[in-house]
Each structure stands twice: as structure tokens, then as C-alpha cells.
Amino acid sequence: MVNNKTIFDFDAIIPRQGTGSSKWDAVEKVFGSRDVLPLWVADMDFATPAAVTTRLLERAQHPIYAYNTQEAPLYQSLIDWVKHRHNWEIEQDWVLLAPGVVPSIILSILALSAPGDGVIIQPPVYPPFFASIKDNDRRIVENPLLVKDGHYEIDFADLEQKLADPHNKLLLFCSPHNPVGRVWSKEELGKIYELCQKYQVDILSDEIHNDLVYGEQRHTVFASLGTPVAKETVTFIAASKTFNIAGLNFSFIVVPCKRRRALISSWFAKLHINRNNLFGAVATETAYREGEEWLDSLLQYLEGNADTLIEFVRNRLPGIKVVKPEGTFLAWLDFRAYFTNAKELEDFLVHKARVGLNPGKNFGSQGEGFARLNFATQRSVLLEGLTRIEKALQEIK
């Protein structure tokens, strides 16, 4: 049978050196060597959808790049996308535009808590979660994830204990989870909400990887569980991870509650963050309108990479433990069978294996002995990185 769908060549190597890429051009600065293969920063080595590039070039042909307004079609592209992909119906009035998810998280923490208040996180977790809290005079309150046979779960008993403290005002939630790759079930989300409602704790839900899930997994938007949940949840989403346009600094904050939305909006006004990247808006709208076929093909390729990684580790790196992620393009590798501390592991990866991964210690103390690997790259590059680790381990045995 002839396949009439577009063929997307994710195996094609696209040189990124010399483009100002944090992932590739900062290798020597970050790792101290140019000879390190970068598998760290959470962007992809694939070309963004051709429709996005075409539309950006068309817009760039107009020689004026001045202040811009965001018209209804941009908002509608988001509304249509989340309804179609995630069965979540939202309204334009709920949506705030922002220059990225991390700034959105910070603004929301400032708006919905006070200095000294506790913000609960679930490590090991995305490093900026820690900084977003600490740098803004709030307290980091840890509800560490539990590990059962490599599968991460929420410690609900500990979570309730932390939520019960009246000084803890917010739960900063990562869904799908970075770095452990969990796609949370509706049952898990519902249980979290019941506890947060019981103790009147608001939920800040980072769902930037919401489109990147595999197999039978389905991402459930936290706020889609029902009207009461939506009113107490602030959702952060973007096209940036999905379509590899993170450098355009554009995201959405969805806040169904008018009071909470007004509080967050007031911080936009205080900090004069009232303009957004012109090209980010163009790319986002185009991606949501025309990028679905590309995304579906991408997910097949990424899952193939995940399977390749799991098979390689199982057959050739048996001392390393890794579980196939349910979502994201990030793998969480457990090196504790080989290394007793984070410095030993980092020295091994950089100086012996010559690969650049994210040190697990940056994701919290629970990440000691782990490293995060970004497999959103060409399969040949992924295999090169894994082979480097294999050869380096053989030399130290």
C-alpha cells in the first residue's frame, strides 16, 4: 500500500555548531572540552516543521519588526489544539501570553504566594523549579517521588503531610515529569487534587511536554478534570518543546479563575512584561495549525530512539538502570552501580566517555548517581553517545 503521507527525515544530520546553540556551541564552556558529544539541553536536533520555517521567512520579508499585537487566530490555534489533542476546552479570556514557561512559573509564584511561604515540589525534578522558589524568597518544600522497581510514584502520605502545613501555599507540579518521564494517570491527578482542595493549596502545573507521550499513554491536562479543579489550577503550556521552537521564547498561561488571573496579570504589569516575541507568536500559531502530521511522525521516531536506548542499555550496559519514559524525550540513567558520588560520575562522563549529560544532582539530592540524557537527536548520534559510554566503562573495569 502506498503511503501518501509526507516523509520526514529525522535521521538527517543538521549541523548546529556556529548557530549560537546552547546545546552545541556552549560545550567547551559547560564541560571544559570541545570533544564532548552534547546530549543534555532539552531541545531537539531536528528541523522544525517546514510550514513554520516558511511562515517565519514570509514574515521576515516585511522589513519592520516592531511592537506587535496578538490577534484572535493565535488564541484560537491554542484552543483548537488542546481540544483536539487533549480533550480540554478553554476560553480565550483564560489565556495569558508569556515569554516562556519558567518566567510564567516565577510570575505565578510571586502572584499567588508571599515571601516565606512554602512551595511543594516533587524531586528529582527540573532544576529551575528549585531556583524559581528560592530566588524569590519562598521556601522549597520537598515531596520526593517514590521508586518501585524503577517506576516513580507519588508519596501521597508525605504529600498530605506537606499540604497540611498552612504555611505551604502552592504545589508546583511537573506533568509529564522531567526527568523521570512519568505520564500521570487520571487517578493520580484526582488524588492530588482532592488533597490540595482539602488543604486549600493552589496547583501550578507545568505541562510543557504535554504533547510528547508514547504508546498507549495519554496525557491528561490537570485542569481538565473538572470546573473546580480548573479554578484552582494554573497551567503552563507552549509549542516550544513539541515543535522545537524554544529559542523563540513564547508560551501560554491558562488561568480559568478570574481572581488568580488578575493577580498574575498584575505582575506582568509591574514588571512591564507586556510584549511578546513577534516570531514566537507566528511560529506557535503555524505549528498548532499545520504541524500535527510532523508531530505524529516525530513521536514514532522518538519512541524508536527510546526503544533503541533501552535495548542498548539492557544488552550492553547492564550495570546501568533505565526505564523507558512514558513521555518527554528525556531518559533518566542510574549509574549508582559504578559510581559512589556525583563528581566521580561527572568526571567519567565528560573526561572518559566524552558525553555531555545533565548531572542528576542538579535535579535534587535524589538525583545523586543519576544523569539525564536527551534522546531527541538522530539515532546515529544517540548510538554514538551510548557506544562512548560503553567503551569508557570497559576501560575502567
Asks: Report the relative orientation of the aromatic rings in F252 and F250; use parallel for angles under 30°, tilted for 30 to 60°, perpendicular for over 60°.
Replies: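 Answer is perpendicular, since the angle exceeds 60°.
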
Asks: Tell me, with the steps shown, if E395 and K352 meet salt bridge (charged side-chain N to carboxylate O under 4.0 Å, His left out).
Replies: CA-CA 9 Å; E395 291 175 1; K352 293 185 172 62; over 6 Å; no

Asks: Look at atom NE2 of H167 and say whether more than 12 heavy atoms of other residues, nucleotides or ligands are closer to it than 6.0 Å.
Replies: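 No.
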
Asks: Pick out which of E285, R289, Q76, E292 makes a side chain to side chain contact (heavy atoms under 4.5 Å, CB included) with W81.
Replies: E292

Asks: Tell me whether the count of non-hydrogen atoms from other residues, nucleotides or ligands lying under 6.0 Å of CD in E311 goes above 12.
Replies: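 12 or below, so no.
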
Asks: Going through the checks in order, is the salt bridge (charged side-chain N to carboxylate O under 4.0 Å, His left out) test met by E303 and K324?
Replies: CA-CA 9 Å; E303 185 167 15; K324 181 179 175 180; 2.8 Å; yes

Asks: Can you get from I106 to V254 by hopping between Ile, Leu, Val, Met, Phe, Trp and Tyr side chains that sit under 4.5 Å apart?
Replies: no

Asks: May I ask you to decide if V221's main-chain N or O and N210's side chain share a donor-acceptor pair within less than 3.5 Å?
Replies: no

Asks: Does K391, at its NZ atom, have more than 12 non-hydrogen atoms belonging to other residues, nucleotides or ligands within less than 6.0 Å?
Replies: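 Open: at most 12 neighbouring heavy atoms sit under 6.0 Å from NZ of K391.
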
Asks: When you check the gap from the basic side-chain N to the acidic O, do R354 and D35 get nearer than 4.0 Å?
Replies: yes

Asks: Assess the pair Y301 and F8: is the distance between their ring centroids shorter than 6.0 Å?
Replies: no

Asks: Are the side chain of Y193 and the backbone of I203 linked by a donor-acceptor contact shorter than 3.5 Å?
Replies: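 Not at all, since once roles are kept as given, no pair shorter than 3.5 Å links the two residues.
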
Asks: Which atom names give the shortest non-hydrogen contact between V180 and P124, and what distance separates them?
Replies: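 For V180 and P124, the tightest heavy-atom pair comes out as CG1-CG, 3.9 Å.
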
Asks: Test your reading of the model: is there a side-chain donor-acceptor pair from Q378 to the backbone of A12, 3.5 Å cut-off?
Replies: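 Yes, Q378 side chain to A12 backbone: donor-acceptor pair under 3.5 Å.
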
Asks: Give, for atom CG of L56 and atom CZ of R59, the distance between the pair rounded to the nearest 0.5 Å.
Replies: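 Reported to 0.5 Å precision, the distance equals 10.5 Å.
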
Asks: Please check: side-chain N/O of N374 versus main-chain N/O of D43, any donor-acceptor pairing under 3.5 Å?
Replies: yes

Asks: Establish, yes or no, whether the cationic atom of K241 lies under 6.0 Å from the six-membered ring centre of F329 and within 45° of the ring axis.
Replies: no

Asks: After noting the C-alpha distance and the side-chain angles of R336 and E368, does the key distance pass the salt bridge (charged side-chain N to carboxylate O under 4.0 Å, His left out) rule?
Replies: CA-CA 8 Å; R336 290 177 296 175; E368 186 90 11; over 6 Å; no

Asks: Please walk me through it: do E160 and K198 pass salt bridge (charged side-chain N to carboxylate O under 4.0 Å, His left out)?
Replies: CA-CA 9 Å; E160 180 162 17; K198 179 178 178 180; 3.0 Å; yes

Asks: Between F363 and F370, is the gap from one ring center to the other below 6.0 Å?
Replies: no

Asks: Same hydrophobic cluster for F222 and L112, using side-chain heavy-atom links shorter than 4.5 Å among ILVMFWY?
Replies: no

Asks: Less than 6.0 angstrom separating the ring centers of F348 and Y338, yes or no?
Replies: no

Asks: With distance as the sole criterion, is a donor-acceptor pair present between the side chains of N168 and R139 under 3.5 Å?
Replies: yes

Asks: Can a donor-acceptor pair be found between the side chains of Q17 and S21 at a distance below 3.5 Å?
Replies: no

Asks: Which word best sums up how the rings of W40 and F31 line up, parallel for under 30°, tilted for 30 to 60°, or perpendicular for over 60°?
Replies: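 The rings of W40 and F31 stand perpendicular, inter-plane angle above 60°.
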
Asks: Is the count of non-hydrogen atoms from other residues, nucleotides or ligands lying under 6.0 Å from N87 atom CG greater than 12?
Replies: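 No - once you tally the heavy atoms of other residues, nucleotides and ligands closer than 6.0 Å, there are 12 at most.
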
Asks: Spell out, as yes or no, whether a donor-acceptor pair under 3.5 Å connects the side chain of D117 to the backbone of A114.
Replies: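 At least one qualifying donor-acceptor pair exists.
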
Asks: For the pair F173 and W184, name the ring-plane relationship: parallel under 30°, tilted 30 to 60°, perpendicular over 60°.
Replies: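 Correct class here is tilted.
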
